[in-house]
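Just so we're clear, the structure is a prediction, and the values are computed from it rather than from any experiment. Residue numbering restarts at 1 for every chain, and letters A, B, ... go by the order of the sequence lines.
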Amino acid sequence: MSTVRGSGILLSTPAVLALIALFIIPSASLLVGGAVDPLAAYGPILRDSYYLNVIFVTFQIALLVTICSILVGYPVAYLVSRRVAPGIQRRIIYMIIIAPLLTSNVVRTFGWLILLGRNGFVNKVIIALGISDVPLQLLYTKSAIVVGLTYVMVPFMILTIVSALQNINNSLIEAAFDLGASSAGTFFRVTLPLSVPGIVAGSLIVFCASASAYVTASVLGGGKITVFSMLIYEKFSVSVDFAGGAALSALLLILTVAIAAIYLSFMSRRSVAH
Amino acid sequence: MRRSRTIGNYAATMIAVACLVYLLLPLIVMVATSFTETSYLAFPPIGFTFRWYTEVLHNAAYLRALQWSAIVSLGATACAVLLGLPAALGLARSHGVWSSAISAFLLSPLLVPSVIVGAATMQLAYSIGANGSLTPLVAGHLVIVLPYIVRTLMAALGPSTLSTEEAARDLGANAVSAFFLVTLPTIKTALFAGILFSLIISWINVEVSVFNTTTAMETLPVRLFNEIQYSIGPQLAAVSALSVVLAIVVVFVIDTTVGIDKVG
């Protein structure tokens with residue numbers, strides 16, 4: 001049987017070779033394309049205030065989306081994992097959370113295009129409530145992108161926090177109640193702190209995904225707001241500036257990998273401490 | 001466990017329900033708007049008609065895009081299964097540094113923004129003169145769906161599956177029949193789930209496709225993306241509504257086969 005076990009790894013060779021040929025080599029040559037002459041490729045980017053502004057706007061949006069995803073996602077995660085018993089109710093909520101994930105970003109964003117228009121539903125509500133006398137310009141702003149992107153990202157945040165909440169040992173919560181803590185007290189001093197790893201993991205996923213978002217920003221920004229991925233697409237497909245596109249892609253990749261690395265080292269340090 | 005009906009508890013549930021409404025709102029809006037009789041997007045919709053659905057189902061550009069999407073998704077998934085199934089089989093029964101490293105490597109595309117996969121694939125295609133052809137498009141999709149196949153299968157190929165297969169071998173079956181008669185039936189649910197995820201991830205992908213498609217060869221999401229920027233109207237709402245309906249159907253399928261609460 002040892003031959004069966006030993007040859008196990010060999011079975012993965014075709015997959016490994018395929019990934020090297022179709023993923024590693026193209027990505028590496030993409031990065032190298034920017035690194036061959038770094039000054040020529042990165043210089044214009046880092047010196048030009050236009051690019052720096054795009055980077056800043058992208059980060060701003062990603063940060064806001066992450067915060068909003070936590071605010072919207074945590075209550076739903078808490079509801080589905082601790083307040084709703086397993087059964088038909090919980091499964092319906094899961095379906096509501098997961099169904100949008102099975103549609104493309106375009107579809108997920110389109111609903112907001114309809115809602116945020118000058119004559120859209122949100123403006124109708126705003127006027128009906130008397131918040132404003134005229135329709136507000138909601139679309140083609142950073143806020144529109146934040147709202148739409150939050151919608152796209154919230155399911156990921158919910159699922160990550162649910163996972164963390166489900167891993168909390170119930171006896172800890174019961175102990176808090178037995179020791180006289182109130183519902184709110186137990187939540188803020190036991191449940192919430194124990195779910196922080198889930199919030200952190202979800203935030204990293206959402207931040208990275210938001211920073212590299214393309215479709216939602218294009219659609220809801222309407223060309224008035226430019227984010228990083230739009231710049232990459234423009235370099236490759238419009239101005240055919242492969243070197244510039246490669247440099248931008250490298251920046252994005254470095255950011256994503258750095259965040260993942262920070263997270264992994266944070267997590268391994270925690271598990272060593274335990 | 002005590003569950004006191006405090007205001008705090010009610011408030012928490014109300015906030016959560018409001019958030020769920022936020023999750024449902026765009027889907028409801030798209031489906032409702034697809035029935036409007038106006039030729040602009042009106043929500044709440046004015047009138048009721050199936051006209052936009054008929055137009056969509058007869059729209060040649062959409063039908064072509066549908067075909068291309070099907071070809072790309074099925075092609076990428078098939079390749080991913082051919083590569084990923086042996087890999088998962090092999091890695092699930094190996095231990096040690098190498099197998100962990102290779103597993104992590106096969107899952108690595110999950111960490112990379114798909115715009116980068118798209119751009120890298122496009123650059124590779126240009127360098128070998130294959131830009132605009134089907135192969136780079138399928139290759140890019142293969143990269144992003146392979147991790148899903150590998151991950152789903154490895155989760156199902158636990159020690160109990162392994163020992164059942166060893167039992168079959170001990171009873172005289174050779175490796176091939178042991179796989180087809182014992183292991184495969186055991187993992188068929190996971191294989192089904194993995195194939196479903198792979199098809200969906202590929203079907204809905206925009207970021208990889210937008211770099212590697214042409215006007216002659218467009219996948220459905222890319223077609224939608226272009227339409228949304230140039231000719232917006234209730235037709236788009238109809239297509240989106242169809243996507244939502246498809247998503248709900250798939251979610252039901254996942255729930256009945258695997259159980260939706262086991263997916264998270």
Side-chain angles (χ1 to χ4, degrees), chain A residues 1 5 8-12 14-16 18-19 22-23 26-27 29-30 72 75-76 78-79 83 86 90-91 93-99 102-107 110-112 114-115 121 151 154 159 162-163 174 177 183-184 212 214-215 219 229 232 236-237 242 245 249 252-253 256 260, chain B residues 1-2 4 6 8-9 12-13 15-16 19-20 22-24 26 29-30 33 41 43 83-84 86-87 89-91 93-94 98-99 102 106 109 111 113 115-116 119-124 139 142-143 166 200 204 206-207 211 221 224-225 228 236 240 243-244 247-248 250-251 255 260-261 264:
Chain A
M1 284 302 121
R5 287 189 194 271
I9 294 186
L10 284 181
L11 285 175
S12 63
V16 170
L19 266 195
L22 302 175
F23 175 51
S27 302
S29 78
L30 189 69
V72 174
V76 179
Y78 189 74
L79 180 79
R83 277 277 178 274
R90 179 183 278 198
R91 285 176 20 224
I93 297 180
Y94 266 110
M95 288 194 227
I96 296 174
I97 298 168
I98 292 179
L102 307 178
T103 63
S104 75
N105 284 336
V106 183
V107 171
F110 185 54
W112 289 106
I114 304 178
L115 281 166
F121 190 63
Y151 178 75
V154 154
L159 292 176
V162 163
S163 179
E174 286 191 25
F177 275 120
S183 255
S212 52
Y214 174 60
V215 173
V219 171
S229 292
I232 294 180
F236 273 105
S237 289
F242 280 23
S249 305
L252 186 60
L253 193 57
T256 321
Chain B
M1 203 188 309
R2 259 166 286 150
S4 47
T6 63
N9 275 338
T13 312
I15 293 176
C19 296
L20 279 176
Y22 167 76
L23 285 177
L24 278 174
V29 167
M30 280 187 292
T33 311
L41 295 166
F43 181 79
L83 295 169
L89 283 172
L91 291 169
R93 55 193 74 197
S94 319
W98 272 116
S99 76
I102 293 180
L106 291 179
L111 294 174
V115 277
I116 302 224
T121 315
M122 181 199 191
Q123 200 187 43
L124 175 69
L142 171 60
V143 169
E166 280 194 25
I200 293 165
I204 67 176
V206 183
E207 294 82 7
F211 282 94
L224 279 179
F225 184 55
I228 222 178
L236 277 168
S240 304
S243 295
V244 171
I248 294 175
V250 172
V251 149
D255 188 39
I260 195 87
D261 37 2

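Evaluated for a side chain to side chain contact (heavy atoms under 4.5 Å, CB included) with Phe110(A), the options Leu236(B), Val29(B), Thr33(B), Leu224(B) yield exactly one hit, Leu236(B).
Contact annotation for Thr256(A): only side-chain heavy atoms (C-beta onward) come within less than 4.5 Å of a heavy atom of chain B. Residue Ile200(B) touches chain A through its side chain alone, counting heavy-atom pairs closer than 4.5 Å. Using a 4.5 Å cut-off between heavy atoms, Ile116(B) touches chain A through backbone and side chain atoms alike. Only the side chain of Val154(A) comes within contact range of chain B, with at least one heavy atom under 4.5 Å from a heavy atom of that chain. Within the 4.5 angstrom heavy-atom criterion, only side-chain atoms of Ala18(A), from C-beta onward, approach chain B. In this structure, chain A has a heavy atom under 4.5 Å from the side chain of Val115(B), while its backbone stays farther away.
For Phe23(A), the ring pair (Phe, Tyr, Trp, His ring centres under 6.0 Å) test picks out no residue, with sequence neighbours left out. In this view, Tyr214(A) and Tyr233(A), Phe225(B) satisfy the ring pair (Phe, Tyr, Trp, His ring centres under 6.0 Å) rule, not counting sequence neighbours.
Taking the side chain as every heavy atom from C-beta outward, Thr121(B) and Leu22(A) never approach each other to under 4.5 Å. In this structure the side chain of Ile204(B) never reaches within 4.5 angstrom of the side chain of Leu102(A), judged on heavy atoms. Annotation: side chain of Gln123(B) is in contact with side chain of Ser29(A) (closest heavy-atom distance under 4.5 Å).
Chain A forms the most heavy-atom pairs under 4.5 Å with one residue out of Leu41(B), Leu124(B), Val206(B), Leu106(B), and that residue is Leu106(B).
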Item to check | CA sep, side-chain torsions, deciding dist, call: Trp112(A), Phe43(B), ring-ring contact (aromatic ring centres under 6.0 Å, His included) | outcome: CA-CA 11 Å; Trp112(A) 289 106; Phe43(B) 181 79; over 10 Å; no
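Here the CG atom belonging to Leu20(B) is positioned 6.5 Å from the CD1 atom belonging to Ile97(A), to the nearest 0.5 angstrom. For the atom pair Ile98(A) CD1 and Ile248(B) CD1, the distance stands at 13.0 Å (nearest 0.5 Å). Expressed to the nearest 0.5 Å, how far OG1 of Thr13(B) lies from CZ of Arg83(A) amounts to 6.0 Å.
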